[in-house]
Amino acid sequence: MKLPWGRSSTPPQSEEISSLEDSRANSQLNTFNDDNKEDAVQTVTNGEDQQDMGPYSTFVEGINDDKSKKDSEDGYDEASVLSDEYDEGLSGFVIVLTLVSSISGFMFGYDTGYISSALTSVKQDLSHKSLSYGDKEILTAATSLGALISSLWAGIVADIIGRKPSILISNIMFLIGIILQVCAHKYWQMAAGRLIMGFGVGIGSLVAPLFIGEIAPSMIRGRLTVINSLCITGGQLVAYACGAGLTHVNNGWRVLVGLALIPVSLQFVFFIFLPDTPRYYIMKNDVESARKVLRKTYRRAPNYVIDAKVKELHDLNGSIDGKNVLDKVWKMAKELHTKPANLRALIIACGLQGIQQFTGFNSLMYFSGTIFETVGFHNSSAVSLIVSGTNFVFTVIAFFAIDKLGRRPILLIGVPGMLVAWIVCSISFHFIGIRFEGANAIVEHAGFTSWGILIIVFIVVYAAFYALGIGTVPWQQSELFPQTVRGVGTSLSSATNWAGSLVIAACFLTMLQNITPSGTFALFAGITAVSLLFIYFCYPELSGLELEEVQEVLKDGFGIKKSKQLAKHRKKQAAVAKAVAKHKIPRSEIIGD
Ligand SMILES: O[C@H]1[C@H](O)[C@@H](O)[C@H](O)[C@@H](O)[C@H]1O
């Protein structure tokens, strides 16, 4: 194939390509730059066959051969490639959509985070009585229960009425729930408020990452989805900090709960003016709206790229029809469980969400104060702040690593780190020697011992490794499912998450009492070890892949090898596209339109 480059535009010269040495894209290019740089320049200049260009050829093929690509049967390697070449710029539109959707993540974190301090400052404000241990457990668990119930149907509703209306419904649930709590003078009103707010948390926890995953250009989809996770951990941190500040304020807990009205109202108002995702519009056959959103997403892409993308979404993203909603849901569930690629996606998504919860992180979120007091640390809220601060900081690191390093590497670094940390905690608890008499912990070696310090240090280490991988990756769940079953698939995996959260909230203290703290953390370590095997053998690398390509990977197995190759290939393509964009070679001159 001859390249049209030489005719009307100046091809990149070798010095220009050398100047890529210090560009950001170059780190990715380095792997092949040295071998291919000269060849590529020669080939471009002489108009030789692009086969000689190594990794450059894929890029050139993408921009020169658009017609044949459009006609090709293989959706897997065509339109998606085209759009990747235009991923180099992140539009303000995508940033706004991501930030506004991530308010759901903030609400998730804030609402699950404020309860521990609200419970200590609520005193006798509810039903004029001190809350019993059981009362407190019900208030804590009510939100997880609400989230479990709503997440079970949220994905399906999001498929039927849309992602945007679902987020608006979650806002209304939040508003009702928060107002009920702020005005509560009766215990049961508070519990009802927590439950209804939980409905909002469940919908938001599922729909926000789904929304972001569907609007994000593939090369940065991981990062953009992690912004939602950052808002979760940030929300938890803010809730802990505000809670600490308001502990001694009269009715401070009402202020703490009421503050949540601000982000919810903002999200509601913003979302009224924002569109739904192109994939949802295509599902509803609203091609014009899909095209409008895509045009704003890929700012620099010429029309044929947008057309190719619309065609790709149209060809690959059908929806399942049914006589009525129940029939439709039944058919979706059947499609999810009977098609091998879908079933594998479901196993991975539920597996990761289960691992996130059953390895015990939220025992720290809900009960770190109790744990730290048990080992002789009296400023427990300060230590809890350190744990949630670590969780936040390492989610920031995950943000930078998730697309660059990939999902698998961060999981395969994070989970072994968690395993070591839990083993150290289990051993240390054994040497501290704790017995329980009723709900009271009797510590044999009371006071601030070296075992106690070891526990605190390794709990913080654990939080760091958790946030780096398993705290963030499971919320990328929507990328695993094709459009036809994405709603029902993400519903089941989110429900797995909330069921796990509920079980840990309800059982952790009982486990401490019945199988000792050492036994509890040994159990968490055992679950973590099994989880590591699951991830190693079943979780493919999905960074940089188009949502539509993931099915291809899962078609004949868990596709670990295939996914790693494809992810590497896509990254190289994106690096080349970025590099060429940096040279500012007008595309019209390259493709001659
Ligand atoms: O991804 C989040 C995050 O890791 C939170 O810190 C945790 O409390 C949630 O349960 C989890 O879903």
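All residue numbers in this chain count up from 1 along the given sequence. Both counts, for ligands and for their atoms, begin at 1 and track the order of listing.
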Q) Do Glu214 and Thr277 have side-chain N/O donor and acceptor atoms under 3.5 Å apart? A) yes
**Q.** Proximity to ligand 1 by part of Thr472, non-hydrogen separation under 4.0 Å
**A.** neither
(Q) Can you tell me which residue among Leu346, Leu336, Asp159, Leu343 is in a side-chain contact (heavy atoms from CB on, under 4.5 Å) with Val485? (A) Leu336
Q: Compare Trp475, Trp498, Tyr466 and give the one whose heavy atom is closest to atom 3 (C) of ligand 1.
A: Tyr466
Q: Verify whether one side chain among Ser478 and Gln476 offers a donor that lies under 3.5 Å from an acceptor in the other.
A: no
Q. For Phe537, is the NZ or CZ atom of Arg344 found under 6.0 angstrom from the centre of its six-membered ring and inside 45 degrees of the ring axis?
A. no
Q: Would you mind checking which non-hydrogen protein atom is closest to atom 5 (C) of ligand 1, with the distance to 0.1 Å?
A: Gln236 OE1, 3.5 Å
**Q.** Nearest non-hydrogen protein atom, atom 1 (O) of ligand 1
**A.** Gly471 O, 2.7 Å
Q: Just jot down the ligand 1 atoms closer than 4.0 angstrom to any heavy atom of Asn391, in number order.
A: 6 (O)
Q. Does Gln353 come within less than 4.0 angstrom of ligand 1, counting non-hydrogen atoms of the residue?
A. no
For residues 196-203, tabulate all N or O donor-acceptor pairs below 3.5 Å that involve a side-chain atom, not counting sequence neighbours.
none

Q: Check whether more than 12 heavy atoms from other residues, nucleotides or ligands sit under 6.0 Å from atom CZ of Phe270, and answer yes or no.
A: no
**Q.** Phe211 six-ring centre to Arg279 NZ/CZ under 6.0 Å and within 45° of normal
**A.** no
(Q) Could you tell me if Arg223 sits above the aromatic ring of Phe399, with its cationic atom closer than 6.0 Å to the ring centre and no more than 45 degrees from the axis? (A) yes
Q. With backbone taken as N, CA, C and O and side chain as the heavy atoms from C-beta onward, which portion of Thr395 lies under 4.0 Å from ligand 1: side chain, backbone, both, or neither?
A. neither
(Q) When you compare ligand 1 with Phe361, is there at least one nitrogen or oxygen pair between them that comes in under 3.5 angstrom? (A) no
Q: If you have a sec, work out which protein heavy atom is nearest atom 12 (O) of ligand 1 and how many Å separate them, to one decimal?
A: Gln356 OE1, 2.7 Å
Q.
With a heavy-atom distance limit of 4.0 Å, tell me whether Asn497 approaches ligand 1 through its side chain, its backbone, both, or neither.
A. side chain
Q: For atom 10 (O) of ligand 1, find the nearest protein heavy atom and state the residue, atom name and distance (0.1 Å precision).
A: Asn362 ND2, 2.7 Å
